[in-house]
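Written out below as structure tokens is the structure these notes cover.
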Amino acid sequence: MPFAATLFYAGLLGLILLALSARVVRARRSLGVGLGTGGDRHLECLIRAQANFCEYVPLTVLLLLLLEASSRLPGVVIHILGSALVASRVLHGFWGLNRSAGTSFGRFWGTALHWLVLMIAAILAVVLAVSG
């Protein structure tokens, strides 16, 4: 199956987004907030975890897909990047912003790991593009 690795990680990431979204909906319902945060700090953290996911994950998954489509890298590279991406989003969304608006283990390491995956994928994409 073509692009099986990216398909797998995109599927896992889709499930993570659904979980993040469900947490926002549950919090809004329990607080009676229809739009925004209603001034609630915890709800703001949940919304930012979901929004941060939506801001960063699509480009990273697109880069993974393009790297896999190039067929110029060993499949293990896509799996390493994909699994690190999933781990970064779990750290950030469930052990980071879920618990605190400030610095936390999950937020710091989730962000750092995601940025590392994004940087490696972007550099690989540029190198593959210019090397023909």
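Only a predicted model underlies this, so the values are computations on that prediction, with no experimental measurement involved.
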What residues, two or more places apart in sequence or in another chain, satisfy side-chain hydrogen bond (donor to acceptor under 3.5 Å, both in side chains) together with Thr111?
none
Ignoring hydrogens, what is the shortest heavy-atom contact between [X] and [Y]? Give both atom names and the distance.
{"X": "Leu91", "Y": "Gly110", "result": "CB-CA, 3.8 Å"}
{"X": "Gly96", "Y": "Ser104", "result": "CA-OG, 3.4 Å"}
{"X": "Ala27", "Y": "Leu46", "result": "CB-CD1, 3.6 Å"}

List the atom pairs, with distances to 0.1 Å, where a side-chain N or O of residues 124-132 and a protein N or O form a donor-acceptor pair under 3.5 Å, not counting sequence neighbours.
| residue | atom | partner | partner atom | Å |
| --- | --- | --- | --- | --- |
| Ser131 | OG | Arg72 | NH2 | 2.6 |
| Ser131 | OG | Val127 | O | 2.9 |
| Ser131 | OG | Leu128 | O | 3.3 |

Are [Y] and [X] linked, directly or through intermediate hydrophobic residues, by side-chain heavy-atom contacts shorter than 4.5 Å (ILVMFWY only)?
{"X": "Leu12", "Y": "Phe53", "answer": "yes"}
{"X": "Trp95", "Y": "Leu13", "answer": "yes"}
{"X": "Val117", "Y": "Leu63", "answer": "no"}
{"X": "Val61", "Y": "Ile123", "answer": "yes"}
{"X": "Val77", "Y": "Leu66", "answer": "no"}

If you look only at pairs with a residue in residues 117-132, which of them pass as a salt bridge (Lys or Arg N to Asp or Glu O under 4.0 Å), with sequence neighbours excluded?
none
Please, which pairs that meet salt bridge (Lys or Arg N to Asp or Glu O under 4.0 Å) have at least one residue in residues 51-68, sequence neighbours excluded?
Arg48-Glu55
Could you check whether any side-chain heavy atom of Phe94 comes within less than 4.5 Å of a side-chain heavy atom of Arg23, counting everything from C-beta outward?
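Yes, at least one pair of side-chain atoms sits under 4.5 Å.
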Taking the side chain as every heavy atom from C-beta outward, state whether Leu81 and Leu67 have any pair of such atoms under 4.5 Å apart.
yes
Hydrophobic cluster mates of Phe3, side-chain heavy atoms under 4.5 angstrom, ILVMFWY only, any path?
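Phe3 shares its hydrophobic cluster with Leu65.
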Of all pairs that satisfy ring pair (Phe, Tyr, Trp, His ring centres under 6.0 Å), the ones with a partner from residues 64-83, not counting sequence neighbours:
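Residue pairs with at least one partner in residues 64-83: Tyr9-His79.
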For [X], what residues pass the side-chain contact (heavy atoms from CB on, under 4.5 Å) criterion, not counting sequence neighbours?
{"X": "Ser21", "value": "Leu17, Gln50"}
{"X": "Ile80", "value": "Val76"}
{"X": "Leu31", "value": "Val33, Asp40, Leu43"}
{"X": "Ala22", "value": "Arg26"}

Roughly how far, to the nearest 0.5 Å, is [atom2] of [Y] from [atom1] of [X]?
{"X": "Cys45", "Y": "Asn52", "atom1": "SG", "atom2": "CG", "result": "12.0 Å"}
{"X": "Leu20", "Y": "His92", "atom1": "CG", "atom2": "NE2", "result": "10.0 Å"}
{"X": "Leu62", "Y": "Thr6", "atom1": "CG", "atom2": "OG1", "result": "9.5 Å"}
{"X": "Leu64", "Y": "Leu73", "atom1": "CG", "atom2": "CG", "result": "10.5 Å"}

Taking only residues two or more places apart in sequence, or in another chain, which ones meet Arg28 in a salt bridge (Lys or Arg N to Asp or Glu O under 4.0 Å)?
none
Quick one: side-chain hydrogen bond (donor to acceptor under 3.5 Å, both in side chains) pairs with a partner in residues 115-125, sequence neighbours left out?
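Passing the test, one end in residues 115-125: no pairs.
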